[in-house]
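In what follows, a structure is listed as structure tokens, so that the remarks can point back to it.
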Amino acid sequence: MDGRMVGSLVWLVFAGVLGSCASAPRSSPPPAEGTGGSGSVMSELSGREREVFYHLPQGNEHLWLAVLRALPSRDTQQGRTAGFQSFLEGFERFGFLPDPDHPERLPVGVALVPATERQPVARVGINCAACHVGEFHHRGARVRVDGAPSLLNMDAFNREAVEVIALTLSDRTRLLDFLERLATYLPPQTREGGLQAAYPDTNLTPDGSSSAREKLVAEVAWYCSQGADLCRPPKLGPEPERGLEFDAQLSLYVRELSRKQVRTVPDAIRLLRGHLLYFMRLGRLRFGTYAGPGRVDAFGVARGVLFGPEAAGVLAAPVSYPCLWEFQKSSWLHWDGNTNSVMERNIGQALGMGATVDRRDFSSSVLPRNLAELERLSNKIGSPRWPQDVFGPLETARLERGREHFARHCQSCHGAEDAVVPLERIGTDGNRARSFASKVGDLEFPAALQDLLSRVKQRAYAREGLTQEEIHPLEPRIVYWRAPVGYVSRPLEGIWATAPYLHNGSVPTLWDLLQPASARPARFPMGQREYDPGKVGYVTESSDPSLFTFDVSMPGNSNAGHEYGTGLSEEEKRDLLEYLKSL
């Protein structure tokens, strides 16, 4: 990427624009407050704190709420719905969880920046709760766990967005229908005034010879005839000049069009095309393994965006979203323990979800005070207790026998202190660890990433006027980024709520993890929330063809390694599972 490009987007997480279309099933209504039982929430957060955690902006809110509501879903475009279903409706198909308490009915993890006098349209983005709130279903009951890994499927979300926007731009009738729907969702003062009020600088007032719709048709035909690409989806290709052209158009959208009010029909068409650019950003990267629900190849994408597609090669190191409570007592973050900086990690996450950075001076749209508040709330979330009223009571005798097995077979690694276990010892898939350790040219990737995030952090602190007293609790005295070439072995509190298992999510249940690698499932569905209390993890039988199929033969998906406890008898394994449930 050209470092001089103003407003270049740095994306670290939105992997898989061209990925699998698998999606999570539509969920039942969300749970109510409680500690267990049918429809419960397990969290130390108050109701008010939970709403903040679920929806606080991070600085990546560039998508217009009106546009997402005016866009059709894929099912609508393909004629599978009765009437119109908005892209924003049924977000559960992407693995989002509903939040009926939100005034705009936005799902968990979608942040809203309301319209203001300076910014007359409401904008949305994704925050950390989208990946770190889980929900488990069993026999009609639902248990939501704040801080647990979610089943968010960014592959499905991005692919459907690209598909429906591209089709809307490519088909004149669809484009006209979109423009009419958009008029009803633009700022409140336009809703009663029809097309003329929505696009005040375009003459759409009906007269004796033409209706508003006919004038809209003529305006769209005129504008689209002014240039070959004005009403067509942008093109992506391997040529460097094509990439620079794409980046320039994307920068224009983010810096200008996304912050201005729509006043003409051409404004609205450019706005729609800008949203497509936003979702297409990773189209030049090559994905050898798609992440699917609950996973992401964050640092592989970072390498490709920061240093170019050639430096990234083929991306094949997706990992699961981790739970939040395991980092509260840990000095090192991520699966491979590659940094000790919570704020730089969180700034990277905000950039990854679409916050912008100007590579000339490292100014950005990141909101560090909000990130600090999200971190404060995250630190209040403790490990959840096994919900005995939903999943069944713990058996005391088994639990006590299992405690002894844990002490013999697990305690040495999963004790109070976390430590990096080298790849040659743990034996699990090494793609993630080796990828982060590899160089970019002559430069170590951890050093290059630290340089960027540190510069963005300092500029963001200065912009918001954070004092040293505010900054001191947020950061270690010396920040490190490193590549240990292994994975961190952490304490196992709340492990029942963190399926699937291993860093890459290649083992669906703890029972399967206690089997030799050769006996673990080679393929299993992912995306459903039905829980198996006996095996401790997600149910692996389903007849739903829309679910994502996890295939351990794909690069980065190996389920090998971590064969500790596999020599126990079946009864001893069940005893050990009972103890693990109690942690």
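Scope of the values below: all heavy atoms of this structure, side chains included, with no hydrogens, waters or symmetry mates.
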Got a donor-acceptor contact below 3.5 angstrom from the [X] side chain to the [Y] backbone?
X	Y	value
S150	A130	yes
H562	G427	no
H405	L577	no
T498	P322	no
N504	S558	yes
R520	N559	yes
D155	G292	yes
Q450	T339	no
Q515	W511	yes
Y501	D512	no

N557 vs D429, side chain to side chain contact (heavy atoms under 4.5 Å, CB included): CA-CA, chis, key distance, verdict: CA-CA 7 Å; N557 281 3; D429 193 290; 5.7 Å; no
Test: R425 cationic atom under 6.0 Å from Y564 six-membered ring centre, within 45° of axis: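 Not satisfied by the 6.0 Å and 45° rule.
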Test: R490 cationic atom under 6.0 Å from W335 six-membered ring centre, within 45° of axis: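 Because its charged atom misses either the 6.0 Å distance or the 45° angle limit, R490 does not stack over W335.
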Salt bridge (charged side-chain N to carboxylate O under 4.0 Å, His left out) evaluation trace for E570 with K573: CA-CA 5 Å; E570 287 210 2; K573 289 176 181 178; over 6 Å; no
Mind telling me whether [Y] and [X] have parallel, tilted or perpendicular rings, with 30° and 60° as the class edges?
X	Y	result
W496	F136	tilted
F445	F299	perpendicular
F157	F87	tilted
F91	F94	perpendicular
W481	H334	tilted

Residue pair Q58, C128: steps toward the side chain to side chain contact (heavy atoms under 4.5 Å, CB included) verdict: CA-CA 9 Å; Q58 301 180 147; C128 57; 4.0 Å; yes
With rounding to the nearest 0.5 Å, note down the distance linking [atom1] in [X] to [atom2] in [Y].
X	Y	atom1	atom2	value
L513	K535	CG	NZ	13.0 Å
L97	Y54	CG	OH	7.5 Å
R295	L152	CZ	CG	13.5 Å
N60	N127	CG	CG	8.0 Å
S320	L151	OG	CG	9.5 Å
E163	N158	CD	CG	12.5 Å

Residue pair K581, E578: steps toward the salt bridge (charged side-chain N to carboxylate O under 4.0 Å, His left out) verdict: CA-CA 5 Å; K581 294 177 187 178; E578 202 72 4; 3.2 Å; yes
Test log, rule salt bridge (charged side-chain N to carboxylate O under 4.0 Å, His left out), inputs E44 and K380: CA-CA 6 Å; E44 282 74 19; K380 293 188 68 174; over 6 Å; no
E135 bridged to R529 by N-O distance under 4.0 Å: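 The answer is no: the pair does not qualify as a salt bridge.
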Heavy-atom closest contact ([X] atom, [Y] atom, distance):
X	Y	answer
A483	P446	CB-CG, 3.9 Å
W325	A148	CZ3-N, 3.5 Å
P368	L466	CG-CD1, 4.4 Å
T540	Q528	N-NE2, 4.3 Å

V110 vs E104 side-chain heavy atoms within contact, under 4.5 Å: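 SC-SC contact between V110 and E104 ruled out.
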Student check: side-chain heavy atoms of R408 and E404 closer than 4.5 Å: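 Counting from C-beta outward, R408 and E404 do come under 4.5 Å.
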Chi angles and distances behind the side chain to side chain contact (heavy atoms under 4.5 Å, CB included) call for V143, Y531: CA-CA 10 Å; V143 180; Y531 194 83; over 6 Å; no
Heavy atoms of other groups near F406 CZ, more than 12 under 6.0 Å: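 Counting other residues, nucleotides and ligands, CZ of F406 exceeds 12 neighbours.
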Residue pair N346, L374: steps toward the side chain to side chain contact (heavy atoms under 4.5 Å, CB included) verdict: CA-CA 9 Å; N346 290 347; L374 287 168; over 6 Å; no
R401/E571 under salt bridge (charged side-chain N to carboxylate O under 4.0 Å, His left out): CA gap, chis, key distance, verdict: CA-CA 10 Å; R401 293 194 298 269; E571 280 301 303; 5.2 Å; no
Distance-only side-chain donor-acceptor flag, S542 / D544, under 3.5 Å: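 D544 and S542 do not have a side-chain donor-acceptor pair below 3.5 Å.
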Reference residue S73; test side chain to side chain contact (heavy atoms under 4.5 Å, CB included); the match among R80, E160, E89: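 Only one option passes, and that is E160.
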